[in-house]
Amino acid sequence: MPAQYRRHVLLALFLTLSAGLGCALLVERNGWAAPSSLSSPAGAAHMVDAFEAVSGPQPGFRRNHAKGLCVSGRFDSNGQGVALANTGLLRTGSYPVTGRFSVVGGNPSVNDTQGGMRSLALDISNGGETWRMALNSSPVFFVRTPEALLEQLQASVPADGREARIRHFRRDHPESQAFEDWMAAHRPSTGFDNAAYFSVNAFRFNSADGQEHLVRWRLQPETPYAPLSDEQIAQNDPDMLSYGLASRLAEGPLRWHLILTPALPGDPVNDATQLWTQPGHQEIDAGVLVIDAQQPQMDGPCRDIDFNPLILPPGITPSDDPLLQARGAAYAESHRRRVREMAGQ
Ligand code: HEM
């Protein structure tokens with residue numbers, strides 16, 4: 001390449017890089033956008049900062065789903081799930097479970113009658129394999145990408161202009177409609193015990209005969225769903241969910257069925273905002289989750305667990321759903337911060 005062209009190319013490259021770096025610094029300092037990938041450690045820190053900006057500092061608590069309680073029990077697998085994944089935890093047997101019920105948001109003292117959703121996180125282990133999952137009581141999520149979640153958090157910061165920012169977010173994210181519709185049509189359940197909990201994201205299941213299936217799952221309660229009544233809402237008991245669970249457990253263990261649903265061709269497997277609406281899905285009942293005890297989260301066995309949904313047993317791997325890698329990174333960052341804060345107390 002002639003010398004004068006080489007000089008031009010180098011100059012152009014230098015200008016491009018400095019402009020890029022300058023923009024990145026500006027963008028980062030002003031919080032307009034995240035670093036390139038929200039699944040990187042820097043991106044996860046940015047995401048967790050955004051959760052903190054919405055709820056204010058709550059040292060020692062999870063940066064989302066801050067209010068919750070620990071539970072324990074077992075998963076009685078009936079072996080049916082092995083048809084989909086060659087996983088020890090899906091073979092017939094009984095495996096210990098440590099779990100956590102929670103409500104959404106970063107405020108550990110939020111009033112239980114306010115939230116529209118219940119959540120359940122589980123660690124199922126057999127000594128060699130561990131399966132962690134964090135499930136919500138809605139079958140779909142309100143955004144498709146971590147970038148959109150970050151946008152929503154930034155719009156929700158309690159500061160001037162919040163309402164307009166949220167209105168703009170809604171206008172720009174029609175993909176939230178299925179979530180909004182579902183929430184409008186389903187009043188929250190009266191308790192943690194009578195809600196179904198959904199994986200929302202799909203995961204890849206690999207069976208022993210080499211077949212691959214994309215699978216969503218849910219935990220279906222044996223206790224029938226009952227919607228929160230107007231009277232319960234009016235009573236405004238801030239801790240109704242933990243008291244309710246304690247009184248149900250005093251009567252005996254609670255049970256949910258693990259229902260595995262493989263995708264049909266054409267199902268949106270990488271988009272957690274969409275339901276799988278085609279008729280004819282196969283549903284495999286893989287066994288029963290039995291919860292028989294509850295403990296406070298402050299010193300219970302779930303406190304220091306990172307219920308990172310990417311901690312999976314052999315035979316199950318993440319799908320290409322863009323939320324999943326960002327979830328893994330953000331949960332790890334939130335866990336790192338709260339464990340360090342607890343250690344410093
Ligand atoms: C990119 C998307 C998401 C991000 C960045 C995110 C972020 C977080 C963070 C930071 C925590 C606190 C983790 C900890 O400190 O242990 C958390 C907890 C939780 N998230 Fe998400 N989340 C996302 C999507 C979802 C989805 C799709 C679901 C439901 C399927 C979900 C369900 C939960 C539950 C149940 C917990 C509580 C876990 C526990 O009890 O420790 N999240 N999330």
Side-chain angles (χ1 to χ4, degrees), residues 34 37-41 43-55 58-71 97-108 115 117-123 132-154 175-176 178-179 182 192 195-203 216-219 241 270-274 294-295 297 300-311 318-319 321-342:
S37 166
L38 289 170
S39 309
S40 68
H46 196 73
M47 180 73 96
V48 172
D49 287 348
F51 275 105
E52 288 180 3
V54 175
S55 44
Q58 308 287 350
F61 287 94
R62 285 165 167 83
R63 273 28 182 198
N64 194 11
H65 299 256
K67 186 177 186 187
L69 52 93
C70 300
V71 289
V97 166
T98 304
R100 182 170 179 271
F101 284 110
S102 62
V103 291
V104 180
N107 175 1
M117 196 129 75
R118 287 74 182 93
S119 301
L120 173 61
L122 296 178
D123 169 299
R132 301 240 172 108
M133 55 184 87
L135 318 170
N136 282 345
S137 60
S138 66
V140 280
F141 202 54
F142 64 102
V143 285
R144 195 181 62 76
T145 64
E147 287 74 15
L149 175 62
L150 183 67
E151 251 184 76
Q152 192 270 352
L153 290 169
Q154 289 174 339
E175 77 274 18
S176 302
F179 175 83
W182 199 90
F192 284 131
Y197 297 95
F198 299 84
S199 71
V200 179
N201 306 112
F203 290 76
R216 286 179 176 175
W217 66 85
R218 72 177 186 277
L219 284 160
L241 290 172
N270 294 327
D271 183 349
T273 64
Q274 292 191 50
Q294 113 180 45
Q295 307 87 18
Q297 71 166 339
C302 72
R303 190 189 74 182
D304 293 339
I305 297 182
D306 169 9
F307 290 101
N308 178 339
L310 300 185
I311 299 178
S319 65
D321 183 325
L323 291 178
L324 277 172
Q325 298 301 326
R327 285 183 76 183
Y331 290 34
E333 174 65 15
S334 167
H335 179 259
R336 195 181 59 73
R337 292 185 191 188
R338 62 189 170 82
V339 167
R340 191 185 51 203
E341 290 155 359
M342 289 305 277

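Numbers for residues simply follow the sequence, beginning at 1. Counting starts at 1 for both ligands and their atoms, following the listed order.
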Looking only at protein heavy atoms, what sits closest to atom 4 (C) of ligand 1 is L149 CD2, 3.6 Å

Between T98 (side chain only) and P301 (backbone N and O only), is there a donor and an acceptor less than 3.5 Å apart? no

Verify side chain to side chain donor-acceptor pair (under 3.5 Å) between S199 and N201, making sure each step is shown before the conclusion.
CA-CA 5 Å; S199 71; N201 306 112; over 6 Å; no

Closer than 3.5 angstrom, by distance alone: can the side chain of R216 be matched with the main-chain N or O of V200 as a donor-acceptor pair? yes

Discussion item. Strictly distance-based, threshold 3.5 Å: is any side-chain N or O of Q297 a donor or acceptor partner for the main-chain N or O of A66?
Written reply: yes

Worksheet entry | Side-chain touch M47/E333, heavy atoms, less than 4.5 angstrom | no

Within the 4.0 Å heavy-atom cut-off, what P309 brings close to ligand 1 is neither

Atom 38 (C) of ligand 1: closest protein heavy atom, distance to 0.1 Å, is A121 CB, 3.8 Å

Short version for R338: what comes under 4.0 Å of ligand 1, heavy atoms counted, is side chain

Compare all side-chain heavy atoms of Q295 with those of L69 and state whether any distance is below 4.5 angstrom.
no

One finds that the ligand 1 atoms under 4.0 Å from a non-hydrogen atom of H335 are 15 (O)

Note: heavy atom closest to atom 19 (C) of ligand 1, options M133, H65, R63, belongs to H65

Notebook entry, point to check: Could a heavy atom of A66 be found less than 4.0 Å from some atom of ligand 1?
Noted result: no

Logged contact type for L135 with ligand 1, heavy-atom cut-off 4.0 Å, is backbone

heavy-atom search around atom 13 (C) of ligand 1 in the protein gives S334 OG, 3.8 Å

Review point. Counting only N and O atoms by type, is there a donor-acceptor contact under 3.5 Å from the side chain of T273 to the main-chain atoms of R144?
Key: no

Ligand 1 contacted by F101 (non-hydrogen, < 4.0 Å) = no

Note: ligand 1 atoms sitting under 4.0 Å from heavy atoms of V200 are 30 (C)

Practice item. Say whether, by atom type as modelled, one donor and one acceptor occur between the side chain of N136 and the main chain of S138 under 3.5 angstrom. Key: no

Worksheet entry | Note, H65 side chain near F307 side chain (heavy atom, < 4.5 Å) | no

the protein heavy atom lying closest to atom 40 (O) of ligand 1 turns out to be R100 NH1, 2.7 Å

Near L323 (heavy-atom distance under 4.0 Å), the atoms of ligand 1 are 1 (C), 2 (C)

Atom 41 (O) of ligand 1 has as its nearest protein heavy atom R62 NE, 2.4 Å

With a cut-off of 2.8 Å, does any N, O or S atom of Y331 fall short of it relative to atom 21 (Fe) of ligand 1? yes

_Parallel, tilted or perpendicular, judged at 30° and 60°: which one describes the rings of W182 and F198?_
perpendicular

Within the 4.0 Å heavy-atom cut-off, what S119 brings close to ligand 1 is side chain

What one should report as the nearest heavy-atom pair of A330 and V48 is O-CG2, 3.6 Å

Heavy-atom side-chain contact between L135 and R218 under 4.5 Å: no

Give a yes or no on whether a salt bridge exists between E341 and R338, defined as a side-chain N under 4.0 angstrom from a carboxylate O.
no

For atom 11 (C) of ligand 1, the closest protein heavy atom turns out to be N64 CB, 3.7 Å

Ligand 1 atoms nearer than 4.0 angstrom to some heavy atom of F198 are 30 (C)

Of all protein heavy atoms, the one nearest atom 27 (C) of ligand 1 is F141 CD1, 3.5 Å

Within 4.0 Å of some non-hydrogen atom of A330, the atoms of ligand 1 are 5 (C), 10 (C)

Min over Q297, R327, R216 of heavy-atom distance to atom 24 (C) of ligand 1 lands on R327

The atoms of ligand 1 lying under 4.0 Å from a heavy atom of F307, numbered in the order shown, are 39 (C), 40 (O), 41 (O)

Exercise. Please examine the side chains of R118 and F101, heavy atoms only from C-beta on, and report whether any two atoms are closer than 4.5 Å.
Key: no

Looking only at non-hydrogen atoms, the one of D321, N136, T145, L324 nearest atom 29 (C) of ligand 1 is N136

Checking heavy atoms under 4.0 Å, the part of F51 that sits near ligand 1 is side chain

